[in-house]
Amino acid sequence: MFYTVKVGTITNAQRARAALKYRGIKSDITRLKNPSKGDGCGYAVVVSAYDIDRALDIIENEGVYIRGVEVL
């Protein structure tokens with residue numbers, strides 16, 4: 001199972017992915033198919049369910065605002 005962590009912009013998605021990679025967590029950047037108004041530009045990072053709790057902590061500590069988390 002995978003989770004989609006909504007971060008809004010491509011820049012935030014790149015920052016989140018780089019921080020996760022540095023700490024050994026594999027992730028991918030994706031574009032939301034139908035972003036709502038609160039999703040910004042509609043970018044997200046996909047993370048496995050196994051790593052989601054640690055990934056959320058890392059992304060928040062990086063200073064990236066998380067706009068939501070959904071099961072993929």
Side-chain angles (χ1 to χ4, degrees):
M1 182 178 358
F2 290 91
Y3 282 87
T4 302
V5 182
K6 299 178 188 179
V7 293
T9 65
I10 186 67
T11 303
N12 282 339
Q14 291 169 334
R15 285 177 55 204
R17 183 180 62 182
L20 293 172
K21 181 179 179 181
Y22 180 75
R23 289 165 182 86
I25 297 176
K26 185 180 178 335
S27 63
D28 292 311
I29 295 175
T30 189
R31 185 90 191 255
L32 301 174
K33 291 185 187 339
N34 294 315
S36 66
K37 194 168 192 148
D39 291 336
C41 297
Y43 284 92
V45 179
V46 178
V47 180
S48 76
Y50 177 78
D51 294 320
I52 189 64
D53 292 329
R54 190 166 157 236
L56 292 174
D57 288 339
I58 292 168
I59 293 170
E60 286 178 344
N61 287 335
E62 187 66 20
V64 175
Y65 176 70
I66 297 172
R67 296 174 178 267
V69 179
E70 295 179 356
V71 176
L72 186 63

Test side chain to side chain contact (heavy atoms under 4.5 Å, CB included) applied to Ala49 - qualifying residues, sequence neighbours left out | Met1, Tyr3
Sort and list the pairs that fulfil salt bridge (charged side-chain N to carboxylate O under 4.0 Å, His left out) and have at least one residue in residues 24-37, not counting sequence neighbours.
-> Lys26-Asp28
Closest heavy-atom pair and its distance - Gly42, Pro35 = CA-CB, 3.8 Å
Work out which heavy atom in Ala44 is nearest to a heavy atom in Ala13; give both atom names and the distance.
-> O-CB, 4.5 Å
Check residues 50-58 and write down every donor-acceptor pair under 3.5 Å in which the side-chain atom is one partner and the other belongs to a residue at least two apart or another chain.
residue: Asp51; atom: OD2; partner: Ser48; partner atom: OG; Å: 3.3
residue: Arg54; atom: NH2; partner: Arg23; partner atom: O; Å: 2.8

Distance-only check: which donor-acceptor pairs under 3.5 Å involve side-chain atoms of residues 62-72, not counting sequence neighbours?
residue: Arg67; atom: NH1; partner: Gly38; partner atom: O; Å: 3.0
residue: Glu70; atom: OE2; partner: Lys6; partner atom: NZ; Å: 2.7

Listed partners of Thr11 passing side-chain hydrogen bond (donor to acceptor under 3.5 Å, both in side chains), at least two apart = none
Separation between OH of Tyr43 and CD1 of Ile29, rounded to the nearest 0.5 Å = 9.0 Å
Sequence neighbours excluded, the answer for side-chain hydrogen bond (donor to acceptor under 3.5 Å, both in side chains) partners of Arg17 is none
